[in-house]
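Below is one structure; the comments refer to it alone.
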4 protein chains.
Amino acid sequence: MSSASQPRRGNTRQRIQDVALELFSEHGYEKTSLREIAEQLDVTKAALYYHFKTKEDIVVSLFEDLGRPVDELIVWAQEQPRTLETKQEVIRRYHESLRSAEALFRFMQENQATVRDLTIGLRFKERMLTLYGLLKEDDAELVDQVRCLTALFTMHAGMFAMQEMEGDPEDKREAVLRVATELVTAANPPGRRPARPDSAQTASP
Amino acid sequence: MSSASQPRRGNTRQRIQDVALELFSEHGYEKTSLREIAEQLDVTKAALYYHFKTKEDIVVSLFEDLGRPVDELIVWAQEQPRTLETKQEVIRRYHESLRSAEALFRFMQENQATVRDLTIGLRFKERMLTLYGLLKEDDAELVDQVRCLTALFTMHAGMFAMQEMEGDPEDKREAVLRVATELVTAANPPGRRPARPDSAQTASP
Amino acid sequence: MSSASQPRRGNTRQRIQDVALELFSEHGYEKTSLREIAEQLDVTKAALYYHFKTKEDIVVSLFEDLGRPVDELIVWAQEQPRTLETKQEVIRRYHESLRSAEALFRFMQENQATVRDLTIGLRFKERMLTLYGLLKEDDAELVDQVRCLTALFTMHAGMFAMQEMEGDPEDKREAVLRVATELVTAANPPGRRPARPDSAQTASP
Amino acid sequence: MSSASQPRRGNTRQRIQDVALELFSEHGYEKTSLREIAEQLDVTKAALYYHFKTKEDIVVSLFEDLGRPVDELIVWAQEQPRTLETKQEVIRRYHESLRSAEALFRFMQENQATVRDLTIGLRFKERMLTLYGLLKEDDAELVDQVRCLTALFTMHAGMFAMQEMEGDPEDKREAVLRVATELVTAANPPGRRPARPDSAQTASP
DNA sequence: GATGAATGAGTGTTCATTCAT
DNA sequence: GATGAATGAACACTCATTCAT
């Protein structure tokens, strides 16, 4: 029942994360200063330091909080049989995770040079490599390796690039998902014969 | 007959570009200071300002010098009939341009948030959109639009991601090219029936 | 009961203003660097920026704080009948204001070229024009207009030039006031006949 | 026969002075950089150094070239009997000198803080004191000293302030001259009784 | 008579961070 | 749970000046 205008009690940490993520993903990490964040929240810079040890720490917390679904997805996938269906499901779930943490992924996509130097850079890279490992065959040919990588990148880069195009957002999202699925399917031929992308609809069994 | 100790030759501008590009692409634009660049060249910061009006101006000059081949490619493509063969050739040539300006494209790929705020951000975006327009059919379906975008992104992102994997660099490059070609081919079906990605070999005429 | 070594009191802002005004009026605005100001205060440059947004902002604050009496004088004068007595009183009070903000006016007098480009340049000019408007008749002849302007300038320029001459400061001040009063009196003839400067003693009724 | 567009032969020194004076008087000495001057002349900064040893040297040369008439006036005046008529003539001639070197005097008027630190600062001050000495009686009372000073300042400050007012420039100039003459006349009473400013028309002998 | 290339010392400004309160 | 006041290190940039050519 608290009035809307007054600063809410215990949610400052969350509000910092929200504002920080918005600014980081909009202007970039380096170009977003703690002063800006503080001003937008109408607190002092020092207040940020009560909740986070450093600027980098804010990013780490965002990565951990918003990236959790992906980690869970990885854990799940590692318990599954490595069939094509599993892989398609990985794509589908990853696509869903991206949607719910869009700003974070946009930030990581557009600030790669920066992120690389941050502590999470390594963790992010490892995560991507793990996902990649889940998608490709162990003895996959080079072209199929590229297909798997591309499947992942499509979802990252594609989504943001698509945003500026016309069309219903849901439709665009689905198109991206379909191409990613297609790629992963093509990269995982049944036995020795490559699967037909056509047969790789988004439809789940 | 110039002494070896004083390199007061006319190549300073070029040397600045080289070092700057190396540092920009390695540590990012914001994290590379003009002091670093100057120190690595063993000149003063002020010397940089003799050759370039601002830090941003260095990037602009790099973009203009190294990006010229792509602009020429675009001019060429616009004069060609918009057949599948032309599009495949666009991919091939673009792939080749990327190779010769690898550091620049890595920089632009990994510093998107920064580049967006630079003057060249807009120009780069326009260039990508033009290329994209050259690849896709006018009335292409959403999925085919995504395929074309992905073809381009694969070459950008894929190349850098691949670098860290094992295998012969030339082989990897070729695999990337093949997937990109495949995607563009699939996005440009003959008549009304969409082509199967599988049938989209790199096969040249 | 605070220890003598750390002057971390709440007067820093004021101290910055004091030192800045002293240096600005002594060496000029451009030739006074923030480093100098900071050093003289034994704080860092960054501390200045905690209290003032920019270098110019320091000047603005000085102008606003020290110039207030003049603004009040203007408000007062605008409520009075526009008689010769009022005008003489304006001169007297303005003369008094100059005394209490001597350094500021010296700064503005000696850095006109600089001040013109500052935000306060316009405000200062407007203030002078308002004062001028309060002194002169609406349909004053050119010569009388010049007399009013000169009355004001005498107080500005005269006071600083006089400082270097010998004689009791109070006497010099009074002489300046007398000439200014004389000029304004001459510029405001009773009816059609110009008043005799002689009759314009500083003596108030 | 030289075309108007091409840089004329031997007049570069003069052109530098012209441009420099214009910029100095418009933006101030410190805010005018040699780069600006060079750019406006379409030569390099180094070219300026062929003609002038330092930036300050440009000002010195301006002061010497444009201020010569005043020095000549002083020489002339020192040979004259120190009568009121001579003094009035000094005012008249000084007024004329100001007109022909308007930009220089505007510069010196508006950059006093700067000029004070320049070599010419002292020379200018001495010149003013000499003029002042020529105008006032040896045993003049304080008020009369102020009148003489004001006479000089009116011509400096008044002229620039008047410029922004409406009215025929020549008329304004004459009004300034008249007030200055009036002041000097009032400061030089016949016998022991002070003259009335009123009786101090610009009337020439 | 002038340029091309450079320097050294400085400028105002911003930043992430600290800490006593 | 947060602030007020400050710091140290850095930054992009500008300036007057120099000198070999």
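Residue numbering restarts at 1 for every chain, and letters A, B, ... go by the order of the sequence lines. Note that the structure is a prediction, hence the values are computed from the model and not measured.
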Note to self: If you assign each of B:Asp42 and C:Glu56 to its closest nucleotide in DNA chain E, which residue comes earlier from the 5' end?
What the structure shows: B:Asp42
Margin query: Can a side-chain donor-acceptor contact be found between D:Glu30 and C:Thr114 if the only test is distance below 3.5 angstrom?
Written below: no
Next item on the list: Figure out the CD/P separation between A:Glu39 and E:dT14, and round it to whole Å.
Entry: 11 Å
Notebook entry, point to check: Between atom OH in A:Tyr50 and atom P in F:dG4, what is the gap in whole Å?
Noted result: 17 Å
Notebook entry, point to check: Does a side-chain N or O from D:Arg35 land closer than 4.0 Å to OP1 or OP2 of F:dC15, or not?
Noted result: yes
Check: Nearest to the side chain of C:Lys55, which nucleotide is it out of E:dG12, E:dA6, F:dA6?
Finding: E:dG12
Check: P atom, F:dT21 versus E:dG1: distance in rounded Å?
Finding: 22 Å
Next item on the list: Identify which nucleotide among E:dT3, F:dC13, E:dT13 has an atom closest to any side-chain atom of C:Thr54, counting heavy atoms from C-beta outward.
Entry: E:dT13
Next item on the list: Using whole Å, report how far NZ of B:Lys31 lies from P of E:dT14.
Entry: 22 Å
Next item on the list: Measure the distance from CG on C:Leu48 to P on F:dT7 and round it to the nearest whole Å.
Entry: 9 Å
Check: F:dG1 phosphate, OP1 or OP2: any side-chain N/O from A:Thr12 under 4.0 angstrom?
Finding: no
Check: Quick one: is F:dT17 close enough that its OP1 or OP2 comes under 4.0 Å of any side-chain N or O from D:Tyr49?
Finding: yes
Notebook entry, point to check: Any sub-3.5 Å donor-acceptor pair from A:Thr32's side-chain atoms to A:Leu23's backbone N or O?
Noted result: yes
Item checked: Side-chain N,O (B:Ser33) to OP1/OP2 (F:dC11) below 4.0 Å -> yes
Notebook entry, point to check: Under 4.0 Å between a Lys/Arg side-chain N and an Asp/Glu carboxylate O for A:Arg68 and A:Glu64?
Noted result: no
Next item on the list: Starting from C1' on E:dT13, measure out to CG on B:Leu34 and report it in whole angstrom.
Entry: 15 Å
Item checked: Residue met sooner reading DNA chain F from 5', once B:Ala46 and B:Thr32 are mapped to nucleotides -> B:Thr32
Checklist line | N or O in side chain of B:His51 less than 4.0 angstrom from E:dG4 OP1/OP2 | finding: no
Margin query: Looking at E:dA20, which nucleotide sits across from it as a Watson-Crick or G-U wobble partner, both distances under 3.5 angstrom, or is there none?
Written below: F:dT3
Checklist line | Geometric cation-pi criterion A:Lys55 and A:Tyr29, 6.0 Å radius, 45° cone | finding: yes
Next item on the list: Assess the side chains of A:Ser25 and A:Glu110: does a donor N or O sit below 3.5 Å from an acceptor N or O?
Entry: no
Check: Does D:Arg13 or A:Glu30 map to a spot on DNA chain E nearer the 5' end, using the closest nucleotide for each?
Finding: D:Arg13
Notebook entry, point to check: Below 4.0 angstrom, N of the basic side chain to O of the carboxylate: do A:Arg106 and A:Glu102 qualify?
Noted result: no
Margin query: With a 4.0 Å limit, can you tell me whether D:Thr44 has a side-chain N or O closer than that to the phosphate oxygens OP1/OP2 of E:dG4?
Written below: no
Checklist line | Interatomic distance where CZ belongs to B:Phe52 and P belongs to E:dA6 [whole Å] | finding: 12 Å
Notebook entry, point to check: Can you check the D:Ile37 CD1 to F:dT14 C1' distance for me, whole Å?
Noted result: 15 Å
Next item on the list: Using both distances under 3.5 Å as the test, list the Watson-Crick or G-U wobble partner of E:dT14, or none.
Entry: F:dA9
Notebook entry, point to check: Between the base of E:dT17 and the side chain of A:Lys45, is there a donor-acceptor distance below 3.5 Å?
Noted result: yes
Checklist line | Whole angstrom value for the distance that separates P of F:dT14 from OH of D:Tyr29 | finding: 20 Å
